[in-house]
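Sharing a structure, written as structure tokens. Questions coming.
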Amino acid sequence: MATLDRICYVVGAMSLSLALRPFPAPGDYVIAADRGYDSLMAYGVTPDLVVGDFDSLGYTPNHPNVTRLPAEKDDTDMVYALRKGLELGYRRFVLLGGVGGRLEHTLGNLQLLDWLTTQGAVGFLAGEKTVATALRNGSITFPASMSGYLSVFCNSGTAEGVTLSNLKYPLDRYTMTGTFPVGVSNEFLNAEATVSVEQGSLILIWEDQGDFYTQLPKLWPQVSAAAE
């Protein structure tokens, strides 16, 4: 499907910096989730679809493609937007406006990164000078140009065969659990670094040095291969 190598951007209600505003290419798709509509319009980016119960936005946008959701529902506005992107055939997602604000929403969005891996998709959550992604039964290689901190967490239960290579604190086929943060605050070493897990799910969180969109094309292939 043509959309497999295109990006679906989902912009939530939390703050969106100018540097992280999406630059959709032909074939990409932009979904505003509730107050994400205001953030996009403030930076001159018109979404393809607007969804939400609009409790945080405070009004229903004047947009040709709006889906109004009930206030009481099982799925958050972000979940609905991701489901819609999957339905349209997208398997690469960038989640913006999903970090900060209410802690429960940030934690929920981190969980959604893992959920995307169960749908044969991959997502990156960026905001507040932080980037996160999920890795399930696979590996990801970071380019040598990456710098700063990288934290690796077991998402839940047990992650077996966790290997961290070319990082300040390496691991070799380590069994990581979701009850102890042994992987917090590792560091890049100006060399290609690889994180792999044989069985289980990891959440990876690193510092955004202002080059998120520059690094992103180098990160898609490895994570996508692990998700398929």
Side-chain angles (χ1 to χ4, degrees), residues 1-52 61-67 77-99 109-110 112-113 115-117 119-135 138 140-146 192 204-228:
M1 190 178 297
T3 51
L4 288 177
D5 61 351
R6 305 315 307 165
I7 300 173
C8 180
Y9 295 90
V10 179
V11 182
M14 301 175 207
S15 62
L16 175 66
S17 68
L18 179 63
L20 284 178
R21 69 193 186 282
F23 294 91
D28 292 344
Y29 198 77
V30 181
I31 304 177
D34 208 305
R35 199 169 64 191
Y37 176 78
D38 266 359
S39 297
L40 285 169
M41 297 304 289
Y43 294 133
V45 182
T46 301
D48 297 287
L49 171 67
V50 185
V51 304
N62 181 18
H63 185 280
N65 195 11
V66 175
T67 300
D77 296 339
M78 187 74 81
V79 172
Y80 182 91
L82 293 177
R83 289 191 191 277
K84 186 63 178 180
L86 290 167
E87 179 185 317
L88 292 171
Y90 291 89
R91 293 299 180 268
R92 294 182 173 188
F93 292 85
V94 171
L95 285 64
L96 306 168
V99 179
N109 292 334
L110 288 170
L112 287 177
L113 296 174
W115 176 74
L116 283 172
T117 69
Q119 307 302 304
V122 58
F124 288 89
L125 173 67
E128 301 291 327
K129 299 182 179 180
T130 298
V131 182
T133 194
L135 181 64
I140 178 173
T141 297
F142 294 92
S145 54
M146 299 283 283
E192 280 196 352
L204 283 61
I205 302 175
W206 63 94
E207 293 181 277
D208 176 22
Q209 304 287 346
D211 56 359
F212 170 63
Y213 288 119
T214 300
Q215 302 291 3
L216 186 58
K218 306 169 189 175
L219 299 176
W220 285 124
Q222 295 87 3
V223 184
S224 296
E228 291 172 359

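No experiment lies behind these values; they were computed from the predicted model shown.
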Heavy-atom distance under 4.5 Å between the side chains of S15 and E128, does that happen here?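 When only atoms from C-beta onward are counted, E128 and S15 do touch, with a gap below 4.5 Å.
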Would you please test F93 and L113 for side-chain contact (heavy atoms from CB on, under 4.5 Å) and show each step? CA-CA 9 Å; F93 292 85; L113 296 174; over 6 Å; no
Short side-chain to backbone donor-acceptor contact, T130 and E207, under 3.5 Å: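 A pair under 3.5 Å: no.
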Could you tell me the separation between the OH atom of Y9 and the CG atom of L40, rounded to the nearest 0.5 Å?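 Here the interatomic distance stands at 11.5 Å.
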Say you draw a straight line from NZ of K218 to CD of E192; how long is it, rounded to the nearest 0.5 Å?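 With rounding to 0.5 Å, NZ (K218) is 10.0 Å from CD (E192).
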If you take all heavy atoms of R21 and L18, which pair is closest and at what distance?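 Heavy atoms only, the tightest pair is NH1-O, 2.6 Å.
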A side-chain contact here means heavy atoms from C-beta on lying under 4.5 Å apart; do P47 and V11 qualify?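 The answer is no, as the side chains (C-beta and beyond) never meet within the 4.5 Å cut-off.
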Do V94 and F212 touch side chain to side chain, with heavy atoms closer than 4.5 Å?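 Contact flag for V94/F212 side chains = yes.
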Min side-chain heavy-atom separation I140-L204 under 4.5 Å: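 Of all side-chain heavy-atom pairs linking L204 with I140, at least one is under 4.5 Å.
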If you measure from CG on L86 to CG on L116, what distance do you get to the nearest 0.5 Å?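 Answer for the CG-CG pair, L86 versus L116, is 6.0 Å.
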Once you round to the nearest 0.5 Å, how far does CG of L112 lie from OG1 of T117?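 If I round to the nearest 0.5 Å, the distance is 11.0 Å.
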For D28 and I7, which heavy atoms make the closest approach, and how far apart are they?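 So the two residues come closest at OD1-N, 2.9 Å.
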Determine the minimum heavy-atom distance between G85 and I31, stating which atoms define it.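 Nearest heavy atoms, G85 then I31: N-CD1, 4.2 Å.
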Answer yes or no: is there a side-chain heavy-atom contact under 4.5 Å between L20 and Y213?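 The answer is yes; the side chains approach within 4.5 Å.
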To check you understand the geometry: which heavy-atom pair defines the closest contact between S145 and Q215, and what is its length?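 Between these two residues, the closest heavy atoms are OG-NE2, 3.0 Å.
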Distance (rounded to the nearest 0.5 Å) between L49 CG and H63 NE2: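 Interatomic distance, L49 CG to H63 NE2, rounded to 0.5 Å: 7.5 Å.
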For G120 and R91, which heavy atoms make the closest approach, and how far apart are they?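 Looking at all heavy atoms of both residues, the closest pair is O-CD, 3.4 Å.
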What I'd like to find out is whether the side chain of V51 reaches to under 4.5 Å of the side chain of K84, using heavy atoms alone.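 No, side chains not in contact.
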Donor-acceptor contact present, side-chain N109 to main-chain G98, <3.5 Å: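 Yes, N109 side chain to G98 backbone: donor-acceptor pair under 3.5 Å.
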Can you tell me if D38 uses its side chain to pair, donor with acceptor, with the backbone of R35 under 3.5 Å?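 Here the side-chain-to-backbone pair does not exist.
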Taking C-beta and beyond as the side chain, do Q119 and L82 meet within less than 4.5 Å on heavy atoms?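 Of all side-chain heavy-atom pairs linking L82 with Q119, none is under 4.5 Å.
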Of all the heavy-atom pairs spanning P143 and L219, show the shortest one and how long it is.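 What the structure gives for the nearest pair is CD-CD2, 3.9 Å.
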